[in-house]
Student: 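Take a look at this one; I'll ask things after.
Counting convention: from 1, in listed order, for ligands and their atoms alike. Just so you know, these numbers come straight off a predicted model, no measurement behind them. These values consider heavy atoms only, across backbone and side chains, with no hydrogens, waters or symmetry-generated copies.
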Amino acid sequence: MKDYKAITQQYEIDVYPRRDVVLVRGKGARVWDDQGNEYIDMAAGISVANVGHSNDKVVEAISKQAATLITCPNTFYNDTKAIFLEKLFSIAPKNLTKAFLTNSGTEAIEAAIKFARLNTKKTKFIAAMKGFHGRTMGALSATYKKEYREGFEPLVPGFSFVPFNNFEKLAEAVDDDTAGIILEPIQGEGGINIGQKEYFQKVRQLCNEKNILLIIDEIQTGFCRTGKMFAIEYLGIEADMMTLAKSIAGGFPMGALLCSDKIAVEKSKHGSTFGGNPLACAAGIAAIDFMLENKLWEQAEAKGKYFKEKLEKHPLSKVREIRIIGLMIGIELKDKSQPVILELLNHKILSLPAGTTVLRMLPPLVISYEDLDTVIEILVKVLA
Ligand SMILES: *Cc1c(COP(=O)(O)O)cnc(C)c1O
């Protein structure tokens, strides 16, 4: 057998803090390494595999589309893309009526930034401290974390940051040149910080008064993760633009920016070679169909509730706070999360950090109750 780890280390730029495991296969909420070890995946590729790894429907759709038409320039119409758009808008918030399709989350954010400037003729943006919106220059400018920004400045000018869930501070930051406010409904990378309904309602009101576009980043929270199809349903507000990616196409790379009627973009002002290609669209149709047929949001809500109630029955001396919404799980520890993540890996459980002290779990929403029980059992030991 080849030494995959050594080959990767030789040839790939080493930007990822890496675990010492070579994953080669996945099914549902389980993944396997090249030694034949089996893991419960409480990361799902960072909320990518919501419908489960190698979901049968998604596999079939990609295989069929691959044998039919893999690529199609966006200057032509395509049957699969049309069906995907229709499907996407059948589940999207009703005020969002048009989409720009991308290959990733960060590209959806880039489009939102460009469209906001174009439509408001203003230039500035406000984002939240601890927020994460991506790594390309525009999205990075909206991302708070210093380590991600350092060394790349000057970023796009005009971005400022305010504390999340603090309306007064946000209102103070607004001026006549504010084009957009970019917020996650629940901060993912930032530590599973749950947005308050009253806060978002006031932000919406402010945006209306000042002619500011509200951009809601649902890249991590979207597609049933939080117990709703989209987390914005908890907030009782409408977004002017909403960004999607991660789980949109069952694991296939894809993103989308959804826009309300306030947004108009002229021909040739923006574009993408691969965005909305037939393979991604076929995968997206299958993934959304699977979510609808299995009421995946209900599963996320029920399983998240089960997980929370069962975990909280136990004394967890290492834990400061547990924040769970659907199957978006944040366990804030009193100390760093990295040693706990490594210990869980030794117990064959994949998990994620969010910031330095939060243990983040985003399992495939199809995970079984038996697997959740196993995870809880081990967590109770590790966090005692
Ligand atoms: C992952 C993520 C992004 C960036 O998506 P990429 O596909 O990695 O570019 C943006 N916003 C949020 C909230 C995310 O979780």
Student: Between T97 and D261, do the side chains contain an N or O donor and an N or O acceptor separated by less than 3.5 Å?
Tutor: yes

Student: Tell me whether N165 contacts the main-chain N or O of Q196 through its side chain, where contact means a donor paired with an acceptor under 3.5 Å.
Tutor: yes

Student: Which one holds for E189 and ligand 1: side chain close, backbone close, both close, or neither close, with close meaning a heavy atom under 4.0 Å?
Tutor: neither

Student: Check whether any N or O atom of D217, backbone or side chain, sits under 3.5 Å from an N or O atom of ligand 1, and answer yes or no.
Tutor: yes

Student: Quick check on Y199: does its OH atom have over 12 non-hydrogen neighbours (other residues, nucleotides or ligands) under 6.0 Å away?
Tutor: yes

Student: Do me a favour and list the nearest non-hydrogen protein atom to atom 7 (O) of ligand 1 with residue, atom name and distance?
Tutor: G105 N, 2.8 Å

Student: Is the shortest side-chain heavy-atom distance between W297 and L365 below 4.5 Å?
Tutor: no

Student: For A239 and L96, which heavy atoms make the closest approach, and how far apart are they?
Tutor: O-CD2, 3.4 Å

Student: Flag A245 as yes when one of its N or O atoms lies below 3.5 Å from any N or O atom of ligand 1, and as no otherwise.
Tutor: no

Student: State the atoms of ligand 1, each with its element, that fall below the 4.0 Å cut-off from a heavy-atom position in H133.
Tutor: 10 (C), 11 (N)

Student: For E184, take its heavy atoms, then give the atoms of ligand 1 lying under 4.0 Å from any of them.
Tutor: 13 (C)

Student: Cation-pi between K228 and Y234: NZ/CZ under 6.0 Å from ring centre and within 45° of the ring axis?
Tutor: yes

Student: Going by the order shown, which atoms of ligand 1 are within less than 4.0 Å of some heavy atom of T106?
Tutor: 4 (C), 5 (O), 6 (P), 9 (O)

Student: Nearest protein heavy-atom contact for atom 2 (C) of ligand 1: which residue, which atom, what distance?
Tutor: K246 NZ, 2.5 Å

